[in-house]
Amino acid sequence: VGQPVFSNDQLYATTPIGVVTGLAWTSMGGSTLYVEASLAEEGEGKAAVKATGQLGDVMRESFSIAHTYARGFVRRRFPDNHLLERGSFHVHVPAGSTPKDGPSAGCTVVTALLSAAMEQPVKPSLAMTGEVSLTGRVLPIGGVKEKTIAAQRSGIRTLIFPSANKRDYDELTEETRAGLEASPRRPAQASRPTSSTRTTKSSSSPSA
Amino acid sequence: VGQPVFSNDQLYATTPIGVVTGLAWTSMGGSTLYVEASLAEEGEGKAAVKATGQLGDVMRESFSIAHTYARGFVRRRFPDNHLLERGSFHVHVPAGSTPKDGPSAGCTVVTALLSAAMEQPVKPSLAMTGEVSLTGRVLPIGGVKEKTIAAQRSGIRTLIFPSANKRDYDELTEETRAGLEASPRRPAQASRPTSSTRTTKSSSSPSA
Amino acid sequence: VGQPVFSNDQLYATTPIGVVTGLAWTSMGGSTLYVEASLAEEGEGKAAVKATGQLGDVMRESFSIAHTYARGFVRRRFPDNHLLERGSFHVHVPAGSTPKDGPSAGCTVVTALLSAAMEQPVKPSLAMTGEVSLTGRVLPIGGVKEKTIAAQRSGIRTLIFPSANKRDYDELTEETRAGLEASPRRPAQASRPTSSTRTTKSSSSPSA
């Protein structure tokens, strides 16, 4: 009580390969968080994802969904890249003692896994939020206002929201949005997000 | 409270391979839902199904039953198709944070697995509901009225109900049924549902 | 309340290979149920049984006992039949959302597994009930009267009870027994039940 729930805003000056900035929403307000993906083991039949960071059931499932989607995406688009097919990946969300839950880091985990598998870092000063379905559809999330404020406070310049959250974003004051670009989210573009359309729509999801 | 429990009605304009529209029934009324099946891994002895989407025990079992039936069905009818014998499939039901339960998505899961295994999409604007037994018999389900209303609201044109629910369907007003065709359900016809007989019968099942 | 607990009496007009009719006993009265056994996977070292249908601990154990007994029985009597030695079987008891418990489906599960392994259907209009020990001894069960009424109502013509339940059966009125034959149960005869001796004895089992 009285303490920020997530206090690792400054953990990375620039995000290395496998690390992507996400956005969380708590009763205390919004916050940035980091999703870190790292190859643990490689070999025939090793494909797996292991998640740590005091994650709740919904978040754990969302990591598994993100992993299945990322595997299929690489299989279809980059058939010569076998890292997700042969690699056991460990995905962690610091801080290790802060309980976290909710499906909205799905996009961030897909992107972290793609970044690790393709060995390319994600564009700096980018943050994203959005639930991912097994086929890569992006579902709306909650806490758009709180997450936008947190992104701005942390020096984020490009924000990726589900397009279904556009209305929520449009309702924000100019001040809240100052210095930010918001992009519609397509996981397929995850590892090279270059678009900058200002689009987000309404959501009725209750959790983070 | 006052919020729709499932809000992803518009997640798909048209359902791709492996995705089938189902119908759910909650205390808030009916709703469409999507069952998404995706190949996670292929190899000798990998046959398995993994389910996510905050599913309760009954729904988890219904996925396992649907998987066993779909495997046997493909083994008997399409002996050259080994995808279900060699593939580990991930089946997800968005939204990831909405708890779901009940056996009535059995038919939908069988169809999603057959669609994924046979790499053929299911006819668009089709929705189905029905519990499946291990031999492919279809058991009656609850909430026929609520599910019919939800299907109509979501632009569904063909509805597949258990034949044991025919009486429930026949009791609906013409207005509720407007624009809908209802078909008796045979999982064996799942991936090519072309029939359109207006038949559904009575049910005494209490759950969704 | 006021609803039948098992409403799938008419699920099968005639039982296919692997499906056997059992009898259940609830506070609401007796009921028929179906035990469905289906080969899920075959291969060296795959022998296993997987059970679904919201089964309680006692029923789950009774399935495992039935599986061990059926494997040994086939090994001794039909040494050329390796299906139970190499096959992973899925056994389901519809309806999927109705919780069930108790050991008295043991005989029914043995018979369903033998039917599946030997690829022979069980004689139609036959129902059975009886707890099985690991060596195939049949223990008495409860609810003889309720189960007899349910069998008669469902068009069952031959009823197999534990011989220890003979006295319970003999105490029934002629009307209750009208049209029924009752046979003493030997699992060894399970897949070809041709006897029709009218014998059943007393039981002290409390559960269904």
Side-chain angles (χ1 to χ4, degrees), chain A residues 25 44-49 51 55-76 82 84-88 100-107 109 130-142 162-165 201-208, chain B residues 1-21 28 31 33-46 48-56 60 63 86-100 109 112-113 115-116 119 121:
Chain A
W25 180 37
E44 207 54 54
K46 293 282 181 191
V49 68
L55 315 181
D57 280 355
V58 172
M59 201 163 188
R60 240 165 228 295
E61 287 197 346
S62 80
F63 278 43
S64 157
I65 293 157
H67 183 240
T68 301
Y69 175 69
R71 283 181 74 178
F73 178 78
V74 172
R75 203 188 298 134
R76 287 188 304 274
H82 302 293
L84 282 174
E85 289 305 309
R86 296 171 45 87
S88 161
K100 306 160 196 85
D101 208 349
S104 76
C107 284
V109 178
E131 177 176 347
V132 176
S133 90
L134 200 55
T135 61
R137 300 295 162 122
V138 183
L139 282 77
I141 48 80
S163 58
N165 282 113
K201 280 181 206 146
S202 157
S203 156
S204 56
S205 288
S207 89
Chain B
V1 198
Q3 293 284 14
V5 176
F6 298 95
S7 59
N8 53 326
D9 282 11
Q10 265 70 45
L11 189 56
Y12 291 98
T14 181
T15 48
I17 286 173
V19 179
V20 180
T21 307
M28 313 290 299
S31 167
L33 56 77
Y34 295 105
V35 172
E36 307 175 318
S38 182
L39 180 69
E41 192 162 14
E42 206 183 340
E44 206 54 55
K46 292 281 181 191
V49 69
K50 171 181 174 171
T52 54
Q54 291 297 294
L55 315 181
R60 239 163 229 295
F63 277 43
R86 295 170 45 86
S88 162
F89 281 82
H90 185 155
V91 182
H92 177 55
V93 189
S97 59
T98 307
K100 306 161 197 84
V109 178
L113 287 170
S115 167
E119 298 176 303

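Residue numbers start from 1 in every chain, and the chains themselves are labelled A, B, ... in the order their sequence lines are given, proteins ahead of strands.
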Quiz item: Is a side-chain donor-acceptor pair under 3.5 Å present for B/H92 with B/T52?
Solution: yes
Quiz item: So, B/Y12 and B/E36: side-chain donor and acceptor under 3.5 Å apart, yes or no?
Solution: yes
Quiz item: If you count heavy-atom pairs under 4.5 Å with chain B, which of A/S133, A/S62, A/G45 comes out on top?
Solution: A/S133
Practice problem: Check each of A/S104, A/P103, A/C107 against A/V132 using the side-chain contact (heavy atoms from CB on, under 4.5 Å) test, and report the only one that passes. | Solution: A/C107
Quiz item: Of all of B/G53, B/G43, B/G18, B/P16, which one pairs up most often with chain A through heavy atoms under 4.5 Å apart?
Solution: B/G53
Exercise. State, with a plain yes or no, whether a side-chain heavy atom of B/K50 is found less than 4.5 Å away from one of A/S64.
Key: yes
Self-check item: Under 4.5 Å from a heavy atom of chain A, the part of B/V19 involved
Solution: side chain
Quiz item: With a 4.5 angstrom heavy-atom cut-off, which part of A/R75 approaches chain B: side chain, backbone, both or neither?
Solution: side chain
